[in-house]
Amino acid sequence: MVRGYEFIEVTGDDVKLERAKAFINEGLSAGHFQAQIARTFAFEEVVEAYRYLEANSQFGKIVLTLD
C-alpha cells in the first residue's frame, strides 16, 4: 500500500519528523534517492530561470550555477 502524507502531518509531530529524516537520510546514503534536475541556468540567467519556474512546465529542480 502506498500512502501520501501532508507536510504538516509530519513536521508537526516530532516523532514522525525524526522518522522521516532517518528515512530520507538512509535513502540518500544508499543511493535510492537522487535529485531530479529539470534545467540548469547560469546566475546571469536568473530572470529566465524564474520565468521557466513560473511556467510550471518543469519536473524537477531548477539549478542556478555561480561561475
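Put simply, I24 and V10 are part of two different groups of oily side chains (I, L, V, M, F, W, Y) that touch within less than 4.5 Å, one to the next.
Evaluation of the salt bridge (charged side-chain N to carboxylate O under 4.0 Å, His left out) test over residues 10-19, restricted to residues two or more places apart or in two chains, returns E9-K16, E18-K21.
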Between side-chain atoms of residues 32-53 and protein atoms elsewhere (two or more places apart, or another chain), which donor-acceptor pairs fall under 3.5 Å?
unit_1	atom_1	unit_2	atom_2	d
R39	NH2	E48	OE2	3.1
E45	OE1	A42	N	2.9
Y50	OH	E54	OE2	3.4

